[in-house]
Amino acid sequence: AKDMTSLTITSLTEEDILALDSMTALEVINAQGCRDYEQLMALQKRHPGCTIHYTVCLDGTEYPEDSTEVTLTKLTEEELGLFQYLPMLTRVNADGCTDYVLLQQLRELMPQCEIAYTLPIGGEEYTTDTTALELSGITEEDIAMIAYLPKLETVHMVDPEAAPEVLLQM
């Protein structure tokens, strides 16, 4: 077993990691079914020359560890913590996802990553790269949504329906 160059695992404990130290010829570990991400990261640190293949399940889809893009229609708090295990990720397509608070948290967790989604404001759909809005009859709900447009610079309002104190908080 010491001269094995590849290994397939579905779970990983600290004891397993120690046992794998004796397998000095190991080059590839296939761990696609393994959800012990912390242990996989620890194993990678102990065996930097070994390639570890694993997947991360987000919104019901399995993404390989080297994924650069994922697509979501929903996001959970539990899934937020999984994005760190996709180190090559540069874009999250989240059109249709309405978990705006979680998407905002994801943006803060992954500042290097583009998080793209659309927001309904004033009866129209706006993308996350929107820099200016011209709205009429803006409501308090619309104002709450504006906070989720990260690149927004200007808002022009005509006959806002929202209370003046709400408008001043923008």
Side-chain angles (χ1 to χ4, degrees), residues 5-21 23 26-121 124-133 141-153 155 169-170:
T5 58
S6 69
L7 179 67
T8 299
I9 60 172
T10 56
S11 65
L12 187 63
T13 65
E14 289 180 29
E15 294 79 23
D16 296 334
I17 294 171
L18 294 173
L20 290 172
D21 283 349
M23 300 179 77
L26 207 53
E27 296 172 7
V28 177
I29 296 176
N30 295 305
Q32 281 86 353
C34 184
R35 297 288 182 250
D36 304 314
Y37 299 114
E38 287 297 321
Q39 282 82 0
L40 287 170
M41 298 303 107
L43 180 61
Q44 185 70 75
K45 283 183 182 167
R46 289 179 75 95
H47 297 272
C50 185
T51 301
I52 301 175
H53 297 291
Y54 60 91
T55 58
V56 175
C57 187
L58 298 168
D59 192 16
T61 301
E62 298 284 334
Y63 292 96
E65 81 284 349
D66 59 354
S67 295
T68 57
E69 194 168 311
V70 299
T71 299
L72 306 172
T73 55
K74 63 180 175 37
L75 180 62
T76 65
E77 285 188 41
E78 295 78 33
E79 289 172 328
L80 272 181
L82 300 178
F83 283 89
Q84 65 181 316
Y85 303 116
L86 296 171
M88 310 290 281
L89 196 63
T90 58
R91 181 177 170 86
V92 175
N93 297 312
D95 276 347
C97 184
T98 57
D99 304 306
Y100 304 117
V101 172
L102 293 177
L103 288 169
Q104 187 69 23
Q105 290 174 12
L106 180 59
R107 181 182 313 287
E108 293 164 9
L109 287 171
M110 307 281 292
Q112 79 286 0
C113 194
E114 179 185 356
I115 315 293
Y117 53 90
T118 57
L119 286 163
I121 301 173
E124 301 287 327
E125 293 283 326
Y126 294 93
T127 61
T128 49
D129 59 359
T130 300
T131 58
L133 289 177
E141 291 80 20
D142 293 329
I143 290 172
M145 297 302 261
I146 287 172
Y148 300 114
L149 291 173
K151 297 180 181 177
L152 187 64
E153 296 170 4
V155 178
Q169 292 175 0
M170 286 183 59

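The structure displayed is predicted, hence computed values, not measured ones. As a basis for the values below, the full set of heavy atoms in this structure was taken, side chains included, without hydrogen atoms, waters or symmetry mates.
Using a distance-only test at 3.5 Å, with no hydrogens or angles considered, a donor-acceptor pair links the side chain of Thr55 to the main chain of Gln32. Not one N or O on the side chain of Tyr126 forms a donor-acceptor pair closer than 3.5 Å with the backbone of Ile146. Using a distance-only test at 3.5 Å, with no hydrogens or angles considered, a donor-acceptor pair links the side chain of Thr90 to the main chain of Thr68.
By the 4.5 Å heavy-atom criterion applied to side chains, Val101 and Gln105 are counted as neighbours. Annotation: side chain of Pro64 is not in contact with side chain of His53 (no heavy-atom distance under 4.5 Å). Between Leu75 and Phe83, some side-chain heavy-atom pair lies under the 4.5 Å cut-off. Between Leu12 and Leu20 the shortest side-chain heavy-atom distance falls below 4.5 Å. Here the side chains of Leu109 and Gln84 are not in contact, with every heavy-atom distance at 4.5 Å or above. Counting heavy atoms from C-beta on, the side chains of Lys74 and Asp99 come closer than 4.5 Å.
Qualifying side chain to side chain contact (heavy atoms under 4.5 Å, CB included) partners for Thr8, counting only residues two or more places apart in sequence or in other chains: Asn30.
Within 6.0 Å of CD on Glu14 lie no more than 12 heavy atoms contributed by other residues, nucleotides or ligands.
No hydrogens or angles considered: a donor-acceptor pair under 3.5 Å links the side chains of Thr73 and Asp59. A donor atom on one side chain and an acceptor atom on the other are found under 3.5 Å apart for Tyr85 and Glu38.
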